[in-house]
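Side chains included, hydrogens not; waters and symmetry mates left out as well; all remaining heavy atoms used.
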Amino acid sequence: MQAKKRYFILLSAGSCLALLFYFGGLQFRASRSHSRREEHSGRNGLHHPSPDHFWPRFPDALRPFVPWDQLENEDSSVHVSPRQKREANSSIYKGKKCRMESCFDFTLCKKNGFKVYVYPQQKGEKIAESYQNILAAIEGSRFYTSDPSQACLFVLSLDTLDRDQLSPQYVHNLRSKVQSLHLWNNGRNHLIFNLYSGTWPDYTEDVGFDIGQAMLAKASISTENFRPNFDVSIPLFSKDHPRTGGERGFLKFNTIPPLRKYMLVFKGKRYLTGIGSDTRNALYHVHNGEDVVLLTTCKHGKDWQKHKDSRCDRDNTEYEKYDYREMLHNATFCLVPRGRRLGSFRFLEALQAACVPVMLSNGWELPFSEVINWNQAAVIGDERLLLQIIQDRIFKHISRNSLIWNKHPGGLFVLPQYSSYLGDFPYYYANLGLKPPSKFTAVIHAVTPLVSQSQPVLKLLVAAAKSQYCAQIIVLWNCDKPLPAKHRWPATSVPVIVIEGESKVMSSRFLPYDNIITDAVLSLDEDTVLSTTEVDFAFTVWQSFPERIVGYPARSHFWDNSKERWGYTSKWTNDYSMVLTGAALYHKYYHYLYTHYLPASLKNMVDQLANCEDILMNFLVSAVTKLPPIKVTQKKQYKETMMGQTSRASRWADPDHFAQRQSCMNTFASWFGYMPLIHSQMRLDPVLFKDQVSILRKKYRDIERL
């Protein structure tokens, strides 16, 4: 990046005044198609990177390392249940679906242009200095009007910056005061500023009153609650932040690339318990006192000594040795970990010092993200990276090398416990000059007793065994009945291994069985109807996409506006986002990742419902690859319709089956912290498929007859 361009970004983002001028043009651009978020992605903060962008925005892509409801509180007697947390979040903005086109009246702006009205200060109302500066900046701008009839945008004079109930700046009875404003109109065309919301111990984003259809200019806003093209994320700034002017940025004093005394620095509070404690508590592992200086202190708050640990005194002594300003201006990178809330003063401080911010705050919608591409000005990491790096230091014999950390999908999803050889993972074939696997193992999930030689599972076994690419067949016997005798299985040209599923639960189909000797796995339900030709074609496609799921039955997800939740559909449409594992190929590494990466809570849910394991596998693979699955040519019928409705395989006919899958979608999305599934309209067919040429010219000619 050119120095002038970089300086402009740093200076504009670091100035609070930039927000006001930003609004001057934002509102009329909001409906233009250049927005970098699609509407359905914006509802959960998802940002799809372009195909050639290998490093996604980690705060959008990954869930915090420790769920909020598993964190220790400073008072162990305080417990907030998941239900209470959901209720708190749902009450934050009742206008959660608001967008410019639905909650903003553009007609007010057509006659007089973009004019901003500030309510007169009410008698007896106190306003903090920071909010006074914001109001003064607006009133001193070219957008200000003292005539509300000419206004396009309205700003409250009531101080809404600090909505922490324990703060002396907290304004009481704000709900009734706002509702009494005669121009309020349920918040339509209003802008509300907020720096702090929620309070100890959970620090929710609730501002304490119904904002209606008002826009929020808010610091520390999460991608979950951020309303794209409507709210504006602003940086957290201190009360000493200058209203105008201020010290110039330090980029002009620096060389490009920067050559400074320190590589990475941080100096700040260490929270011993509660939200924000995990990352900062682990910083001392990385600190070396030379080029990496990461300093924390326990000495804050009234009762810090009550919670002090064995490191506090040593940390406090080291903390006092360094001058924060000197560190800041002599470092190439400045760590910006989350505090109690997502935002941090250090974000602006690092930018002003021309120190590249290293973000560790999962789920934070970065300031002015609608117009600033922070991937060009900051290192956006993930809070979990710190612990993974420390783990690699301890277990050096299985630590991840530089290629793993710097090549997609990154170190978080490549577990070195699986293998020390990169060729055993599906992501590095091109880097290592390797060809994709030439054989697959078919794993058939059997849940129905073998009572007839004409059962679909036997037909399926024979069809898979005839494939020129099949190395072996494994029948996973998850039936309550004993294993059938060997002579009950048909004779094939490849080995057939029958093993009993562990605990006979759904998740056992994705265990990393040692019996699977190939990297490629063809996963099959016992009632799947596939021909040998279909199997061959699907495998040749998978060889070109070994990191993805490739298969036949496709499903899709959607956002249900009326219920404000994710929905699941099996309708045949022009797009899809899942390929069910009842007839799909994927790399066997995903068995290991499913077993060892996903939490027990999700796998237990799958096992209790005997449902949704295929959806969860799709969530996992899409989260890793940031890509959709691949659908190949398929007849509409892929399930055997002759099966008795009393069998366990008839769960598709269970009226609760579909409702359960809807519920699974939302539970999974909640754990991942976003919706990882990605829609696709691509279907891969054989060459000359359905073309009006001789069938003899077609390689997979039998597919057209199906």
(message) On the six-membered ring of Trp559, is Lys97 placed so that its NZ or CZ lies under 6.0 angstrom from the centre and within 45° of the ring axis?
(response) no
(request) Please tell me if the side chains of Met682 and Ile630 come closer than 4.5 Å, counting only heavy atoms from C-beta onward. (result) yes
(request) Kindly compute the distance separating CG (Asp560) from OH (Tyr568), expressed to the nearest 0.5 Å. (result) 16.0 Å
(request) Decide yes or no for Thr573 and Phe558: does some side-chain heavy atom of the first lie under 4.5 Å from some side-chain heavy atom of the second? (result) no
(message) Measuring only between side-chain heavy atoms, which start at C-beta, is Tyr586 closer than 4.5 Å to Pro629?
(response) no
(request) Compute the ring centroids of Tyr590 and Phe510, then answer whether they are less than 6.0 Å apart. (result) no
(request) Report yes or no: does Ser361 contribute a side-chain atom to a donor-acceptor pair with the main-chain N or O of Pro337 at less than 3.5 Å? (result) no
(request) Would you indicate whether Lys439, at its atom NZ, is surrounded by more than 12 heavy atoms from other residues, nucleotides or ligands within a distance under 6.0 Å? (result) yes
(message) Using 0.5 Å steps for rounding, measure from the CG atom of Asn225 to the CG atom of Asp206.
(response) 10.0 Å
(request) Return yes if some donor-acceptor pair links the side-chain N/O of Thr528 with the main-chain N/O of Gly582 below 3.5 Å, else return no. (result) yes
(request) Answer whether the closest heavy-atom distance between the side chains of Leu602 and Phe668 falls below 4.5 Å. (result) yes
(request) Mind telling me whether Tyr674 and Phe672 have parallel, tilted or perpendicular rings, with 30° and 60° as the class edges? (result) perpendicular
(message) Whether Asp525 and Arg509 form a salt bridge (side-chain N of Lys/Arg under 4.0 Å from carboxylate O of Asp/Glu) is what I want to check.
(response) yes
(message) Nearest 0.5 Å, please: how far is OG1 in Thr633 from CG in Leu684?
(response) 8.0 Å
(message) Let me confirm one number: the CD1-CG distance from Ile380 to Leu360, rounded to the nearest 0.5 Å.
(response) 11.0 Å
(message) Counting C-beta onward and ignoring hydrogens, is there a side-chain heavy-atom pair between Ser467 and Asp536 closer than 4.5 Å?
(response) yes
(message) Check the orientation of His587 and Tyr429. Use parallel for under 30°, tilted for 30 to 60°, and perpendicular for over 60°.
(response) tilted
(request) To the nearest 0.5 angstrom, please state how far the NE2 atom of His557 sits from the CD1 atom of Ile678. (result) 8.5 Å
(message) With heavy-atom distances below 4.5 Å as the criterion, would you say the side chains of Val535 and Phe440 are in contact?
(response) yes
(message) Contact between Leu627 and Phe545 at the side-chain level, heavy atoms closer than 4.5 Å - yes or no?
(response) no
(request) Quick one: pull up CD1 in Ile473 and CG in Leu460 and give me the separation to the nearest 0.5 Å. (result) 8.0 Å
(message) Contact between Val529 and Pro456 at the side-chain level, heavy atoms closer than 4.5 Å - yes or no?
(response) no
